[in-house]
Amino acid sequence: MPMGCGCFPRTSRKSNHLKLPRLPSMTDSIKSLSPRKKDAPERSTLVVCFGEMLIDFVPTSAGVSLADAEGFKKAAGGAPANVAVGISRLGGSAAFMGKVGADEFGYMLSNILKENNVDNSGMCFDQHARTALAFVTLRSDGEREFMFYRNPSADMLLTKEELNVDLIKKANIFHYGSISLIEEPCKSAHLAAMDVAKKAGCILSYDPNLRLPLWPSAEAAQKGIMSIWNLADIIKISEEEITFLTGGDDPYDDDVVLNKLYHPNLKLLLVTEGPAGCRYYTKEFKGKVAGIKADCVDTTGAGDSFVGSVLNSLASDPDLFKNEQRLKEALKFANACGAITVEKKGAIPALPTKEAVHKVLSQTSA
């Protein structure tokens, strides 16, 4: 194990190290992978979420700049971790894989996962780097602006030797974002984890979760996000991300989405439109599901709540993307999850339970 790092105990030392070739072209390597055998044992419903977990500091009053904020509320965050907790809150099976600092915030985040019944055996702790922090400004419309403290933060320093390979192989779905692609060594760890997941027959789920301030440039962000685009089985993007990734094209134009973003290996492409709901695209059909009305306080975590709900549905219904009616029902449920999340400050504290979602849906249909 690298000096200065610590992970939760595993069954054997040998499993700590991946004997994988360097991955110059993940798109090329996928061609050599053979599909899962038909007689393979039934896979669990576990969703492993890979990437960053951090502390969000949210102003206690909305509509002010960071400089003018009189106080901040501390909340656990990081998109992959939010998704993992979102799945668990809904009664699903989830694990988080990433690195935090061996500091009070890192241990707090680890405990939060445990308290929310998320498997944290894939977490590592770095003795020499701090847990990432993000100060999040809430504008009067509930939208956010970010200031990050990662110079570098522990999540950026995860190595492929520290991956809990056995945990990945147990997964039904392997979910990730793009922030872990920005810097080495985490980038190589991310690509290696994807390779293990694909070879193990996992569904690959990708939410780019664009955060431009973290990338060296807009060009680097576009290139980095698209570098693994064609490997995903499921992708969730926002209207703003469509505009960014297509160079300014109309995010509401189906032809733009289908011609520029839908790829042959993709099973399901989802576009979130905030309070307006979401669109869905598969090989057989496309459509839209209306949103659920909500009193917006903080949009932090709303997209992650949506993704967690979709992945939880898919984990128990692997053919969901083949049945339009079942998919629409799952997306309506996911829209309700997002709507509930925006009514509270912070991400993880606002993620709903299954009971809360059913209550909102019953009131909506009444």
Side-chain angles (χ1 to χ4, degrees), residues 1-2 4-13 15-16 18 44-56 74-127 129-134 153-177 179-180 186 189-190 192-193 196-197 200 202 205 301 304-305 307-308 311-312 315 346-351 353:
M1 185 176 295
C5 304
C7 298
F8 284 98
R10 306 194 187 114
T11 55
S12 67
R13 174 71 179 176
S15 67
N16 290 354
L18 292 177
S44 73
T45 58
L46 175 66
V47 180
V48 172
C49 301
F50 175 92
E52 70 281 358
M53 189 173 191
L54 48 87
I55 303 291
D56 286 329
K74 176 184 63 180
N82 294 343
V83 172
V85 174
I87 291 168
S88 183
R89 287 266 175 90
L90 295 174
S93 175
F96 172 76
M97 181 173 291
K99 184 182 258 191
V100 293
D103 52 38
E104 288 301 311
F105 283 150
Y107 297 129
M108 182 194 85
L109 294 176
S110 175
N111 288 334
I112 286 174
L113 291 178
K114 187 176 180 180
E115 291 166 1
N116 283 279
N117 298 313
V118 174
D119 184 340
N120 61 5
S121 63
M123 287 189 78
C124 293
F125 298 85
D126 197 296
Q127 299 288 340
R130 297 297 189 187
T131 300
L133 307 179
S153 54
D155 61 290
M156 301 162 66
L157 301 177
L158 180 71
T159 67
K160 59 184 181 181
E161 288 79 17
E162 293 173 305
L163 293 174
N164 187 334
V165 178
D166 291 337
L167 181 62
I168 298 174
K169 290 179 178 179
K170 292 176 184 176
N172 182 342
I173 300 171
F174 185 72
H175 175 72
Y176 48 88
I179 291 174
S180 45
C186 189
H190 182 142
V196 172
C202 299
S205 166
D304 303 326
S305 183
V307 171
L311 296 184
N312 185 52
I348 287 178
L351 297 171
T353 62

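Everything quoted here is computed from the prediction, not taken from an experiment. These values consider heavy atoms only, across backbone and side chains, with no hydrogens, waters or symmetry-generated copies.
- To the nearest 0.5 Å, atoms CG (N164) and SG (C124) are separated by 8.5 Å.
- Contact between G51 and P80 at its shortest, heavy atoms only, is CA-CG, 3.8 Å.
- Residues F174 and V48 have side chains in contact (heavy-atom distance under 4.5 Å, counting atoms from C-beta outward).
- If you take CG on D304 and CG on N82, they are separated by 4.5 Å, rounding to the nearest 0.5 Å.
- With a 4.5 Å cut-off on side-chain heavy atoms, L158 and L163 count as touching.
- Within the 4.5 Å cutoff, no side-chain heavy atoms of N172 are placed close to those of V47.
- Panel note: side chain D126, backbone A129; a donor-acceptor pair is recorded below 3.5 Å.
- Of all heavy-atom pairs spanning E162 and L157, the tightest one is OE1-O, 3.9 Å.
- Side-chain contact between I55 and L109 is present, with heavy atoms from C-beta onward closer than 4.5 Å.
- Proximity of F105 to K74: side-chain heavy atoms (C-beta onward) are separated by under 4.5 Å at one or more points.
- Among residues two or more places apart in sequence or in another chain, the side chain to side chain contact (heavy atoms under 4.5 Å, CB included) test is passed with D155 by E52, A132, R150, S153.
- Residues G308 and V83 share a closest heavy-atom pair of CA-CG1, 3.8 Å.
- Counted by atom type alone, N116 and S88 present zero donor-acceptor pairs between their side chains at under 3.5 Å.
- One distance of note links CE of M53 with CE of M108; it measures 7.5 Å at 0.5 Å rounding.
- Using a distance-only test at 3.5 Å, with no hydrogens or angles considered, no donor-acceptor pair links the side chain of R89 to the main chain of A350.
- N111 contributes a side-chain N or O that, together with a main-chain N or O of Y107, makes up a donor-acceptor pair within less than 3.5 Å.
- The CZ atom of F50 sits 4.5 Å away from the SG atom of C186 when rounded to the nearest 0.5 Å.
- The closest side-chain heavy-atom distance from L46 to L167 is below 4.5 Å.
- Within the 3.5 Å criterion, the main-chain N or O of K170 finds a donor-acceptor partner in the side chain of S44.
- Using a 30° and 60° split on the angle between ring planes, H190 and Y176 fall in the perpendicular class, above 60°.
- With a 4.5 Å cut-off on side-chain heavy atoms, T131 and E104 do not count as touching.
- Closest non-hydrogen pair, G101 versus A154, comes out as N-CB, 3.3 Å.
- In this structure, L90 CG and N312 CG are separated by 5.5 Å, a value rounded to the nearest 0.5 Å.
- In terms of heavy-atom proximity, A347 sits nearest to G301 at CB-CA, 3.9 Å.
- Residue C49 holds its SG atom at 4.5 Å from CD1 of I87, rounded to the nearest 0.5 Å.
- A193 and I168 make their closest contact through CB-CD1, 3.9 Å (heavy atoms, listed as atom of the first residue, atom of the second, distance).
- Between V100 and F125 the shortest side-chain heavy-atom distance falls below 4.5 Å.
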